[in-house]
Protein chains: 2
Amino acid sequence: MASITEDQRLDAVFTALSDPTRRDIVARLSAGEATVKELAERYEMSMQAVSQHIGVLERSGLVSRGRHRQTRPCRLEPAALAVAVSWIEQSRRTWAARMDRLETRLADLQQGAGR
Amino acid sequence: MASITEDQRLDAVFTALSDPTRRDIVARLSAGEATVKELAERYEMSMQAVSQHIGVLERSGLVSRGRHRQTRPCRLEPAALAVAVSWIEQSRRTWAARMDRLETRLADLQQGAGR
DNA sequence: CCCTTACTCAAGCATCTGCTTTATCAAGCG
DNA sequence: CGCTTGATAAAGCAGATGCTTGAGTAAGGG
């Protein structure tokens with residue numbers, strides 16, 4: 001079994017979001033499905049290039065591809081976005097907690113010096 | 001003036017977070033400052049390699065470097081993390097709003113069919 | 001003063017990215 | 001059936017990335 005680690009999932013999501021075209025594709029898909037051709041026209045880019053961007057987004061779990069006639073409509077999978085947010089929030093909580101402790105200690109020190 | 005666009009800032013932040021070593025550096029720094037040498041020992045990596053990772057994090061605004069004796073203590077700048085979260089939340093809000101509208105329309109259709 | 005410590009700069013190198021071009025495939029149309 | 005449309009596959013290429021080695025610099029210590 002080649003199960004994916006949490007680190008690899010985060011790698012894939014942040015790598016996918018590090019390109020402005022792919023971020024715009026995510027923003028576009030948050031408003032509804034789109035085909036490869038529609039996206040290619042939007043970015044004045046070849047369908048092959050878009051298809052490869054979709055591949056990156058698909059491997060990260062951010063986007064999935066369906067089938068409808070000859071088209072492969074792409075839709076957003078917001079669960080993968082939640083993975084990225086929760087990782088960031090974890091760091092921010094730790095940092096905020098440390099700041100709180102520092103302030104408490106500073107207040108203690110000032111009170112001690114004031115006596 | 002070569003002012004940085006919002007897109008370039010997001011590029012830099014997501015690119016910085018796309019590497020597992022750099023994510024771990026961010027997590028480590030959220031618990032307090034660290035020197036290049038300390039990080040190099042932690043990851044069993046050369047100081048040069050760590051210094052380059054710090055450079056990527058610094059250019060993204062996620063980390064800043066100070067000076068203390070011979071060391072260059074690194075500290076987290078959480079404001080840059082907020083930029084990434086707010087971008088993601090924007091997409092999620094749009095998606096959530098679309099889902100609400102779809103549900104409303106579905107409910108309307110069912111009510112219409114029930115009469 | 002030399003020597004060590006902590007770190008950065010610069011060049012080199014293997015690998016990865018983003019895009020291109022060419023070729024191929026699957027679905028529908030006349 | 002052939003032809004068009006929407007999309008993927010494969011190969012190639014310029015540029016970026018992650019790490020290395022070698023050289024250099026700033027701050028202390030003996």
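Values below: all heavy atoms of this structure, side chains included; hydrogens, waters and symmetry mates excluded. Since the model is a prediction, treat every value here as computed from it, not as a measurement. Each chain gets a letter, A, B and so on, in the order the sequences are listed, and its residues count up from 1.
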How many Å lie between [atom1] on [X] and [atom2] on [N], as a whole number?
X     : N      : atom1 : atom2 : answer
A/M47 : D/dA9  : CE    : P     : 13 Å
B/R67 : D/dA26 : CZ    : P     : 9 Å
B/K37 : D/dA27 : NZ    : C1'   : 15 Å
A/Q52 : C/dT21 : CD    : P     : 13 Å
A/H53 : C/dT17 : NE2   : C1'   : 10 Å
A/M45 : C/dT17 : CE    : C1'   : 13 Å
A/Q48 : D/dT5  : CD    : P     : 15 Å
B/I54 : C/dA6  : CD1   : C1'   : 13 Å

Margin query: One thing to verify: whether A/E6 and A/R9 come together as a salt bridge, which I'm taking to mean a side-chain N less than 4.0 angstrom from a carboxylate O.
Written below: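 Salt bridge flag = no for A/E6 with A/R9.
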Margin query: Between A/E38 and A/R42, does any NZ, NE, NH1 or NH2 come within less than 4.0 Å of an OD or OE carboxylate oxygen?
Written below: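 Not counted as a salt bridge, because no side-chain N and carboxylate O are separated by less than 4.0 Å.
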Taking 4.0 Å as the cut-off, does a side-chain nitrogen or oxygen of [X] come that near to OP1 or OP2 on [N]?
X     : N      : result
A/S46 : C/dT20 : yes
A/R65 : D/dT8  : yes
B/S51 : C/dT8  : yes

Margin query: Test side-chain contact (heavy atoms from CB on, under 4.5 Å) on A/M45 and A/T21; report intermediate values, then the result.
Written below: CA-CA 10 Å; A/M45 192 181 283; A/T21 301; 4.0 Å; yes
Next item on the list: Please tell me which of A/T35 and B/R69 maps to the more 5' nucleotide of DNA chain D, matching each residue to the nucleotide holding its nearest heavy atom.
Entry: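 Closest to the 5' end, via its nearest nucleotide, is A/T35.
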Next item on the list: Name every residue in residues 6-26 of chain A that has at least one heavy atom under 4.0 Å from any atom of DNA chain D, in order of residue number, or write none if there are no such residues.
Entry: none
Checklist line | Side-chain touch B/L39/B/M47, heavy atoms, less than 4.5 angstrom | finding: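 With C-beta onward as the side chain, the pair stays apart.
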Margin query: The test is side-chain contact (heavy atoms from CB on, under 4.5 Å); show your working for A/R65 and A/I54 and say whether it passes.
Written below: CA-CA 9 Å; A/R65 269 185 276 213; A/I54 301 290; 3.7 Å; yes
Next item on the list: Let me see the working for B/L81 and A/R92 under side-chain contact (heavy atoms from CB on, under 4.5 Å), right down to the final yes or no.
Entry: CA-CA 8 Å; B/L81 284 174; A/R92 294 219 284 174; 3.8 Å; yes
Next item on the list: Measure across A/R98 and B/S30 and return the closest heavy-atom pair with its distance rounded to 0.1 Å.
Entry: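 Closest pair (atom of A/R98, atom of B/S30, distance): NE-O, 3.2 Å.
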